[in-house]
Number of protein chains: 2
Amino acid sequence: MNSQARARLKRIAESTVRRLSLYLRFLEDFEQRGLETISSDELARRGGTTSAQVRKDLSFFGSFGKRGLGYSVPELTTRIREIMGLAQTWRVIIVGAGKIGAALAQYGGFFQRGFHITAVYDNSPNKIGKPWDSHVIRDVRFLERDTAAERPDIAVLTVPAEAAQATLDRIVKAGIKAVLNFAPVQLQAPPDVTVRSVNMAMELEGLSFALINRDQPG
Amino acid sequence: MNSQARARLKRIAESTVRRLSLYLRFLEDFEQRGLETISSDELARRGGTTSAQVRKDLSFFGSFGKRGLGYSVPELTTRIREIMGLAQTWRVIIVGAGKIGAALAQYGGFFQRGFHITAVYDNSPNKIGKPWDSHVIRDVRFLERDTAAERPDIAVLTVPAEAAQATLDRIVKAGIKAVLNFAPVQLQAPPDVTVRSVNMAMELEGLSFALINRDQPG
DNA sequence: ACATGTGAACTGCTTCACAGCG
DNA sequence: CGCTGTGAAGCAGTTCACATGT
């Protein structure tokens with residue numbers, strides 16, 4: 001049974017997908033260091049999980065290992081890339097050419113693995129037409145027109161909070177099915193559009209909660 | 001039973017904590033609009049969850065509502081702030097004065113709610129001594145000395161991936177118990193230190209997975 | 001002998017449904 | 001009567017443990 005067929009059998013948990021990302025990162029590290037095989041136990045140790053978890057995660061997509069031996073590093077790398085959709089290149093647009101967008105573009109080889117920025121938009125006359133990381137910032141008015149022609153796959157939303165929902169609505173209407181949101185608001189989107197949010201304020205609040213709920217000495 | 005005592009009874013799920021953050025954001029919005037009371041149903045609708053989930057989340061910390069009526073907006077806001085540890089101010093240091101750190105500081109009133117930046121560090125001679133958002137960038141050599149004196153509560157780690165683990169080790173050794181990591185690596189920390197990671201590459205990969213696993217037409 | 005692959009058991013989060021109370 | 005608060009039921013994700021294959 002091939003991995004794509006298997007994947008469609010049952011909904012894959014988000015936690016599984018996150019761990020696959022993690023394993024992939026380790027595998028690339030191992031690959032670079034010339035390692036030939038790797039065990040579920042080793043992957044687990046690095047990822048802070050258990051070997052059973054690693055094997056279960058992979059089992060949703062097929063059987064990639066050799067009993068008594070482990071997994072071939074290059075093979076498993078390739079398989080996970082395929083599973084995650086990283087064997088192809090995705091066209092990404094950035095909407096909102098502020099500081100976050102800028103940080104993004106230079107973030108640790110961020111857009112290496114199959115993500116290619118095809119356009120950057122803003123609505124500020126001060127920014128439109130200016131160069132931006134080998135692109136020229138476009139007027140966001142042209143979002144719909146450009147999208148029809150260039151068919152980007154993913155939109156990264158880095159506009160101010162107040163504008164986020166309205167901008168998302170336009171992105172959705174234009175037919176883009178995946179959005180990475182950096183605005184600190186909860187967005188509403190139809191079920192066929194996947195929205196992932198990175199909300200730094202929420203992460204900090206999680207730390208705050210952890211700090212006051214640690215077991216005080218005494 | 002007061003909320004802090006109750007909270008310590010049982011470990012609170014991370015998902016619950018995330019939703020509390022979300023509810024708080026909605027409550028602040030309602031408060032600003034002058035609303036007096038709010039039902040679990042309304043909070044659920046805005047947060048994309050169910051009213052039972054909202055009530056269960058709150059029930060871990062006490063009973064804050066009035067039957068037949070709902071929750072007092074100002075009261076519930078205050079209670080959640082207390083629960084989350086946002087009634088106090090946390091001292092935050094930023095380690096790594098690159099683009100991400102800069103984006104962070106201006107990110108939608110990011111450091112309003114109880115988070116106060118007390119120092120910014122870098123190791124680059126080009127940056128040390130330069131002004132940075134009402135601070136002067138300090139030499140990271142002084143991290144330990146400063147921490148002993150100024151006792152920051154949270155460290156935001158925005159150094160390059162290669163330096164992240166070593167820098168975290170220093171932060172941990174200096175006695176800081178909460179870290180928000182932006183480097184795209186899996187970090188190892190002792191169990192009494194809470195590390196939350198924001199990994200944008202991983203989020204993008206999640207979108208990639210969602211895109212190739214959508215039910216194709218035909 | 002050793003590490004995978006996987007049903008079965010378990011744990012814990014979510015949803016249900018209704019008693020309790022304003 | 002309406003909405004909360006909460007045991008109980010349901011479900012999903014994790015862990016266990018062992019049969020399986022090399």
Side-chain angles (χ1 to χ4, degrees), chain A residues 1-3 5-7 9-23 26-27 30 35-73 75-76 79-80 83 206 209, chain B residues 1-3 5-7 9-23 26-27 30 35-73 75-76 79-80 83 206 209:
Chain A
M1 174 178 282
N2 84 39
S3 47
R6 179 77 84 98
L9 246 47
K10 205 179 178 300
R11 216 186 103 50
I12 302 297
E14 187 174 307
S15 50
T16 295
V17 178
R18 300 193 101 87
R19 282 191 299 268
L20 288 176
S21 269
L22 213 53
Y23 304 154
F26 303 151
L27 284 164
F30 292 136
L35 276 159
E36 266 309 307
T37 56
I38 189 76
S39 66
S40 57
D41 201 59
E42 189 104 2
L43 280 170
R45 186 167 13 262
R46 286 259 268 168
T49 181
T50 66
S51 63
Q53 180 75 79
V54 172
R55 295 197 300 276
K56 184 65 89 177
D57 287 338
L58 296 174
S59 78
F60 294 127
F61 303 96
S63 307
F64 310 130
K66 291 195 216 321
R67 288 163 200 257
L69 225 144
Y71 303 88
S72 150
V73 170
E75 193 200 316
L76 188 56
R79 302 310 295 265
I80 296 186
I83 291 165
F209 181 84
Chain B
M1 174 179 283
N2 83 39
S3 47
R6 177 79 83 99
L9 245 45
K10 204 178 180 303
R11 218 186 101 54
I12 302 297
E14 186 174 308
S15 50
T16 295
V17 178
R18 299 193 102 88
R19 282 192 299 269
L20 288 176
S21 268
L22 213 53
Y23 304 156
F26 302 152
L27 285 162
F30 291 139
L35 276 160
E36 266 308 308
T37 57
I38 189 75
S39 66
S40 57
D41 200 59
E42 188 104 2
L43 280 171
R45 185 163 18 256
R46 287 258 268 168
T49 181
T50 66
S51 61
Q53 181 73 80
V54 172
R55 296 197 299 276
K56 184 65 86 179
D57 286 338
L58 296 174
S59 77
F60 295 125
F61 304 96
S63 306
F64 310 130
K66 290 192 216 324
R67 287 160 200 255
L69 225 143
Y71 302 88
S72 151
V73 170
E75 194 200 315
L76 188 57
R79 302 310 296 267
I80 296 185
I83 292 165
F209 180 83

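Proteins get letters first, then strands, A, B, ... in listed order; numbering begins at 1 in each. Model, not experiment: these values are computed from the prediction.
Mapping Gly68(B) and Lys66(A) onto DNA chain D by nearest heavy atom places Gly68(B) at the nucleotide closer to the 5' end.
One interatomic measurement links the two molecules: CG of Asp57(B) to C1' of dT4(D), which rounds to 14 Å at whole-angstrom precision. What separates CG of Asp41(B) from P of dC1(D) is a distance of 20 Å, to the nearest Å. The distance from atom CD of Glu14(A) to atom P of dC13(C) is 16 Å, rounded to the nearest whole Å. Distance CG (Leu69(B)) to C1' (dC3(D)): 8 Å, rounded to an integer number of Å. Put simply, CG on Leu76(A) is 14 Å from C1' on dG5(C), counting in whole angstrom units. The CZ atom of Phe61(B) sits 15 Å away from the C1' atom of dG5(D) (whole-angstrom rounding). Taking atom CZ on Phe60(A) and atom P on dG7(C), their separation rounds to 11 Å, with Å as the unit. The CZ-P distance, from Arg18(A) to dA12(D), rounds to 20 Å in whole Å.
Side-chain contact between Ile12(A) and Asp57(A) is absent, with no heavy atoms from C-beta onward closer than 4.5 Å. In this structure, the side chains of Leu20(B) and Phe61(B) come closer than 4.5 Å at one or more pairs of heavy atoms.
Contact between the side-chain N/O atoms of Ser40(A) and the OP1/OP2 oxygens of dT4(C) is found at a separation under 4.0 Å. The side chain of Gln53(B) contributes no N or O atom lying less than 4.0 Å from OP1 or OP2 of dC13(C). Taking only side-chain nitrogens and oxygens, Arg55(B) never comes nearer than 4.0 Å to OP1 or OP2 of dG5(D). For dT15(D), the OP1/OP2 oxygens have a side-chain nitrogen or oxygen of Thr50(A) closer than 4.0 Å. Residue Ser15(B) has a polar side-chain atom (N or O) positioned under 4.0 Å from OP1 or OP2 of dT14(C). Residue Arg67(A) places no side-chain N or O under 4.0 Å from the OP1 or OP2 atom of dA1(C). An OP1 or OP2 oxygen of dG22(C) is reached within less than 4.0 angstrom by no side-chain nitrogen or oxygen of Tyr71(B).
The side chain of Ala52(A) lies closest to dA17(D) when the candidates are dA17(D), dT6(D), dG7(C). Minimum atom distance to the side chain of Lys56(B) is reached by dT15(C), of the listed dA8(C), dT15(C), dA3(C).
Under the 4.0 Å criterion applied to side-chain N and carboxylate O atoms, Glu42(B) and Arg46(B) are not assigned as salt-bridge partners.
Within a 6.0 Å sphere centred on CD of Glu36(B), other residues, nucleotides and ligands contribute 12 heavy atoms or fewer.
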For this session: Under the side-chain contact (heavy atoms from CB on, under 4.5 Å) rule, what do Ser15(B) and Arg18(B) come out as? Steps first, then yes or no, please.
Result: CA-CA 5 Å; Ser15(B) 50; Arg18(B) 299 193 102 88; 5.7 Å; no
